[in-house]
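See below for the structure under consideration.
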Amino acid sequence: MEQAVSASGLAHVRAEIARACKDAGRDPATVTLVAVSKTFPAEAIAPVIAAGQRVFGENRVQEAKAKWPPLMERHPGIELHLIGPLQSNKAKEAVALFDAIHSVDRASLCEALGKEIRKQGRSPTLFVQVNTGAEPQKAGVLPQDADAFLTACRDSYGLTISGLMCIPPVDEAPGPHFALLATIARRNGLQLLSMGMSADFASAIAMGATHVRVGSAIFGGRH
Ligand SMILES: *Cc1c(COP(=O)(O)O)cnc(C)c1O
């Protein structure tokens, strides 16, 4: 049963992405679907891989480390993205395992990542998370601090930042948050925008998302 849900969920999400791209006059190849498999076991992920999906998102280093290496061994070409908060003391494991990290948001983490990237000779694609709604409980740099933070990433920590990520407040229309993220990216010369989840990825695509992070619309509800 669960397998049927995830494969048909994937097909539905792909169709919706294609439609949103068409509406926005965008080439679907410019939008990467990050299938968020957090909390789901390998048995639920396998049919999604079988249906051709190769880019997956996890929000915890330990969970990803336990789940993905065997799957990656069996299925070449898997790309793994860390979308959740990262503790500096896990930077080493994160740089070793992930192809992209969407949650760069503070100096101590930049320092740890810079060190590991140089040491391991691996360079995950990096996104700075922006707390567009300035929510106290949420990770990310504040919008007004983003430009200075991006400069520090480059000049003080030697990091190449490729894009920005945001998670809009649950109780607000996401559009203005997506627009703000796009504006900050544009004025800093960043190409990638990680924005849009199950409920709002179509509107994120309309506003320029290059990476949509979609979990429940593919895998079903999380418990
Ligand atoms: C869980 C999660 C998602 C996916 O959320 P859905 O609503 O299930 O699509 C996207 N981004 C982040 C950062 C998440 O933690």
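Atoms within each ligand, like the ligands themselves, are counted from 1 in listed order.
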Inventory of protein N or O atoms under 3.5 Å from ligand 1 N or O:
from: ligand 1; atom 1: 8 (O); to: S216; atom 2: N; distance (Å): 2.8
from: ligand 1; atom 1: 8 (O); to: S216; atom 2: OG; distance (Å): 3.0
from: ligand 1; atom 1: 8 (O); to: R222; atom 2: NH1; distance (Å): 2.8
from: ligand 1; atom 1: 8 (O); to: R222; atom 2: NH2; distance (Å): 3.1
from: ligand 1; atom 1: 9 (O); to: S198; atom 2: N; distance (Å): 3.0
from: ligand 1; atom 1: 9 (O); to: S198; atom 2: OG; distance (Å): 2.5
from: ligand 1; atom 1: 9 (O); to: G215; atom 2: N; distance (Å): 2.8
from: ligand 1; atom 1: 11 (N); to: R213; atom 2: NE; distance (Å): 2.9
from: ligand 1; atom 1: 15 (O); to: K38; atom 2: NZ; distance (Å): 2.7

Subject >> Closest heavy-atom pair and its distance - A179, M207 >> reply: CB-CE, 3.6 Å
Original post:
What is the minimum heavy-atom distance between M165 and H102, and which atoms define it?
Top reply: CB-O, 3.4 Å
Subject >> With A206 via side-chain contact (heavy atoms from CB on, under 4.5 Å) - residues at least two apart >> reply: none
Original post:
Taking only residues two or more places apart in sequence or in another chain, which ones pass side-chain contact (heavy atoms from CB on, under 4.5 Å) with I184?
Top reply: V130, P143, A146, D147, L164, L180, R187, N188
Original post:
Measuring from F98:CZ to L86:CG, what's the distance to the nearest 0.5 Å?
Top reply: 8.5 Å
Original post:
According to the side chain to side chain donor-acceptor pair (under 3.5 Å) rule, which pairs have a member within residues 153-165, sequence neighbours left out?
Top reply: none
